[in-house]
Amino acid sequence: MGRSALVYVLLTAATVLLGLCVDNRKYVPGYISGRRPAGGAPFTERRQARNRIAVFAIFCLMTGVSACRIAVGNDYWVYRDNFKLIAQGRYVSYEPGFNLIVKWIQELFGYDHYLPVFAFFSFVTVFFFVKALLDQGSSFAISLFLLMTGGYYFNSLNTVRYYLALAVALYAMKYVLRGEYGKFMLWILAGAMFHKSILLVIPVYILARILAAARLKRWHYIVGTILISSLVFCKELYQEIIFYFYPYYKDSMFDNGQISYVNIAKCVCVLILSEICYKKSLRRDLSNRFYFFLNLAGLVVYCCGSFIPEVSRVGYYLIISQIFLVPRLLEDMGEGMLKNLCCAGVIGGFTLYFLMLLQGMYAVDVRLLPYLNWIFN
C-alpha cells in the first residue's frame with residue numbers, strides 16, 4: 001500500500017475524531033419527526049453550536065480531499081471528455097440535470113475547465129452525506145466511521161453521478177420516516193436528474209416504511225416469498241426490463257453475474273445483531289425497523305440478484321441504511337460484555353473491510369489510488 005493511501009487513512013481518522021465532538025442524539029428524534037426539540041432554542045445552545053463547528057470542519061475536510069483531486073478514478077478522464085462534448089452541445093448519455101449544470105459551469109469558467117465541475121459535485125455530494133448523518137445519525141461518530149470505512153465516501157470520487165444520487169437518497173430517508181411522501185418523491189425526482197437509478201428507491205423505501213409500521217401477518221410472508229422466488233425463476237424478465245433502460249449493460253463487462261460475498265456477510269451480521277437487540281430496539285422503534293427492512297432487502301438483492309449488472313448500485317441504496325441502524329442497535333444494548341464484543345466486532349470488521357478497499361483502490365478498473373491533487377501534483 002503506497003504513501004498516498006495515508007491521505008485516506010488520515011482523513012478517516014481526523015473526521016471520526018471530529019465526529020466524537022458531535023453529540024446530536026438529543027436532536028435526531030426532532031430532525032426525523034420534523035419537530036423541534038423541546039426546551040429552548042436549539043440553535044443558540046452551546047452543544048448545538050459545538051456540533052455545527054465540528055460538522056463544518058468535517059465537511060470542509062471531506063470536500064477538500066474530493067474537490068482537489070485530479071486523475072483519481074477510472075472514469076475521471078471519461079467524464080472530462082464528456083464535459084467537453086456537453087459544452088459543444090453534442091449528445092451524451094447522461095441525465096439532463098447533470099448536463100445542464102456541467103454546461104453552465106463551463107460557460108462560467110470557460111471551455112474544458114473541468115476542475116470546477118468536479119469540485120461542484122464534490123461539494124454537493126458531501127453536503128448531502130454529512131447532512132443526512134447530522135439529521136439521522138444519533139451516534140454521529142460511529143455513523144461517520146461506517147460511512148468512511150464502508151467506502152461510500154471514497155467511492156464517490158469515482159462514478160460521480162451515482163454517488164450524488166446515493167447521497168440524496170440517504171438524505172431523503174427522513175421524509176419517508178415522517179410519512180411525508182410528497183417531499184420524499186420530490187427529492188428523489190431531483191436526484192433522478194443526475195442518475196435515474198435512484199427512482200427504484202421510491203417503491204422500496206415506501207414499502208419498507210409500511211412494513212415497519214405494520215403488524216406482520218401471514219400474507220406479508222407469502223407475498224415476500226413470491227417476490228424472492230421471482231428473482232430466482234424470472235431472471236430473464238427482469239433482465240429485459242433492465243436492458244430496456246440500460247441497453248449498454250447487455251453483454252458488457254458488468255453483466256457477469258458476480259456475487260458479492262462481502263456485502264452478503266455484512267447484511268447477515270447486521271441481521272444477527274438485529275436479532276440480539278430485537279426486544280430492546282426493533283420492536284418499539286419504527287426507524288430501526290425501517291432500516292432493518294432495507295438491510296433485509298439488500299441481503300435478498302445480493303443473494304438472488306446477481307444477474308443484475310453492477311448489482312451494488314442497487315444494493316447500496318438499501319444497505320447504506322446500516323450506517324444508521326448499527327449504531328442505534330449498539331446504543332440500545334446497554335452496558336456489558338456483549339455490547340463490548342459487538343462494538344469490537346463492528347469496528348474490527350469495518351476496519352478490515354476498509355483496508356481491503358484501500359488495497360483494491362490501486363486496481364486499473366478502480367484507480368482511486370494513488371491519490372493526486374491539483375495543488376501539489
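Taking hydrophobic clusters as Ile, Leu, Val, Met, Phe, Trp and Tyr residues chained together by side-chain heavy-atom distances below 4.5 Å, Val300 does not share a cluster with Ile222. Hydrophobic clustering (side-chain heavy atoms under 4.5 Å, transitive across Ile, Leu, Val, Met, Phe, Trp, Tyr) groups Leu372 together with Trp77. Put simply, Phe350 and Val262 are part of the same group of oily side chains (I, L, V, M, F, W, Y) that touch within less than 4.5 Å, one to the next. No path of Ile, Leu, Val, Met, Phe, Trp and Tyr side chains, each step under 4.5 Å between heavy atoms, connects Leu227 with Ile206, placing them in separate hydrophobic clusters. Met356 is connected to Leu147 through a chain of hydrophobic side-chain contacts under 4.5 Å among Ile, Leu, Val, Met, Phe, Trp and Tyr, so both are in one cluster.
Annotation for Tyr181: atom OH counts as buried by contact number, over 12 foreign heavy atoms lying within 6.0 Å. By the neighbour-count criterion of 12 heavy atoms within 6.0 Å, atom NZ of Lys131 is densely surrounded, having more than that number from other residues, nucleotides or ligands.
Ring to ring, Phe83 and Phe118 are close: their centroids are under 6.0 angstrom apart. The distance between the ring centers of Phe129 and Tyr152 does not fall below 6.0 angstrom. Aromatic ring centres of Tyr8 and Phe154 lie closer together than 6.0 Å. Ring centroid separation for the pair Trp104 and Phe109 does not come in under the 6.0 Å cut-off. In this structure, the ring of Tyr79 has its center less than 6.0 angstrom from the ring center of Tyr94.
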Margin query: Checking Arg289 against Asp285 for the salt bridge (Lys or Arg N to Asp or Glu O under 4.0 Å) test, could you report, in this order, the C-alpha distance in whole Å, the side-chain angles of both residues, the deciding distance, and whether it holds?
Written below: CA-CA 6 Å; Arg289 291 197 300 275; Asp285 194 307; over 6 Å; no

Item checked: Test log, rule side-chain hydrogen bond (donor to acceptor under 3.5 Å, both in side chains), inputs Gln88 and Tyr111 -> CA-CA 9 Å; Gln88 296 167 10; Tyr111 176 74; 2.7 Å; yes

Note to self: side chain to side chain contact (heavy atoms under 4.5 Å, CB included) for Tyr163 and Leu166? Distances and angles first, verdict last.
What the structure shows: CA-CA 5 Å; Tyr163 281 94; Leu166 181 66; 3.7 Å; yes

Notebook entry, point to check: Please walk me through it: do Leu271 and Phe292 pass side chain to side chain contact (heavy atoms under 4.5 Å, CB included)?
Noted result: CA-CA 8 Å; Leu271 289 180; Phe292 168 82; 3.4 Å; yes

Notebook entry, point to check: side chain to side chain contact (heavy atoms under 4.5 Å, CB included) between Tyr316 and Ser197: does it pass, once the steps are laid out?
Noted result: CA-CA 11 Å; Tyr316 280 179; Ser197 66; over 6 Å; no

Check: Yes or no on ring pair (Phe, Tyr, Trp, His ring centres under 6.0 Å) for Phe98 and Phe121, after CA distance, side-chain angles and deciding distance?
Finding: CA-CA 9 Å; Phe98 186 84; Phe121 287 105; 4.7 Å; yes

Item checked: Residues Asn74, Val366; criterion side chain to side chain contact (heavy atoms under 4.5 Å, CB included); working and verdict -> CA-CA 5 Å; Asn74 70 318; Val366 179; 5.9 Å; no

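The two residues Leu368 and Gly73 make their nearest non-hydrogen contact at CD2-CA, 4.1 Å. Shown here for Gly150 and Tyr353, the closest heavy-atom pair between the two residues is O-CE2, 3.4 Å. When every heavy atom of Val16 is checked against every heavy atom of Ala141, the shortest pair comes out as O-CB, 4.1 Å. Of all non-hydrogen atoms in Leu211 and Leu216, the two that sit nearest each other are CD2-CD2, 3.9 Å. Across all non-hydrogen atoms, the minimal contact from Ala54 to Cys21 is CB-CB, 4.1 Å. Closest approach of Val28 to Asp135, counting heavy atoms only: CG1-O, 3.6 Å.
No side-chain heavy atom of Ile226 sits less than 4.5 Å from a side-chain heavy atom of Ser230. The side-chain heavy atoms of Ser66 and Tyr153, taken from C-beta on, include a pair separated by under 4.5 Å. At a threshold of 4.5 Å between non-hydrogen side-chain atoms, the residues Val311 and Asn263 do not count as touching. Between Val270 and Leu273, the closest side-chain pair of non-hydrogen atoms is not below 4.5 Å. Proximity of Ser139 to Leu330: side-chain heavy atoms (C-beta onward) are nowhere separated by under 4.5 Å. With a 4.5 Å cut-off on side-chain heavy atoms, Val201 and Met173 do not count as touching. The shortest side-chain heavy-atom distance between Asn373 and Arg69 does not fall under the 4.5 Å cut-off. In this structure, the side chains of Leu170 and Ile323 come closer than 4.5 Å at one or more pairs of heavy atoms.
Between Trp187 and Tyr171, the ring-plane angle classifies as perpendicular under the 30° and 60° cut-offs.
Between the His195 side chain and the Ala192 main chain, no donor and acceptor come within less than 3.5 Å of each other. Side-chain atoms of Gln136 do not come within 3.5 Å of backbone N or O of Ile32 as any donor-acceptor pair. The main-chain N or O of Arg3 is never found under 3.5 Å from a side-chain atom of Tyr371 such that the two would form a donor-acceptor pair. With hydrogens and angles disregarded, a donor-acceptor distance shorter than 3.5 Å links the side chain of Glu95 to the backbone of Lys196. When atom types are taken as modelled, the side chain of Arg367 and the backbone of Met361 share no donor-acceptor pair closer than 3.5 angstrom. Put simply, the side chain of Thr15 gets close to the backbone of Thr12: a donor and an acceptor are under 3.5 Å apart.
Defined by atom type and a distance below 3.5 Å, a donor-acceptor pair is present between the side-chain atoms of Asn288 and Arg328. For the residue pair Asn295 and Gln322, a side-chain donor N or O sits within less than 3.5 Å of a side-chain acceptor on the partner. Remark: the Asn51 side chain and the Asp23 side chain contain no N/O donor-acceptor pair separated by less than 3.5 Å.
Applying side chain to side chain contact (heavy atoms under 4.5 Å, CB included) to Asp75 and the options Thr159, Asp365, Val160 leaves one that passes, Thr159. Partner Phe324 forms a ring-ring contact (aromatic ring centres under 6.0 Å, His included) with one of Tyr291, Phe140, Phe290 and no other, that one being Tyr291.
Distance CG/Leu294 to CG/Leu207: 9.5 Å, rounded to 0.5 Å. To the nearest 0.5 Å, atom CG of residue Leu115 and atom CZ of residue Phe120 are 15.5 Å apart. Distance check, rounded to the nearest 0.5 Å: OH of Tyr175 to CG of Leu186 gives 10.0 Å. A distance of 8.0 Å separates CG in Leu189 from CE in Met185, rounded to the nearest 0.5 Å. We find the OH-CD1 distance between Tyr302 and Ile319 to be 4.0 Å, quoted to the nearest 0.5 Å. Interatomic distance, CD1 of Ile198 versus CZ of Arg313, reported as 13.0 Å (0.5 Å rounding).
A salt bridge between Glu331 and Arg25 is present, with a side-chain N of the basic residue lying under 4.0 Å from a carboxylate O of the acidic one.
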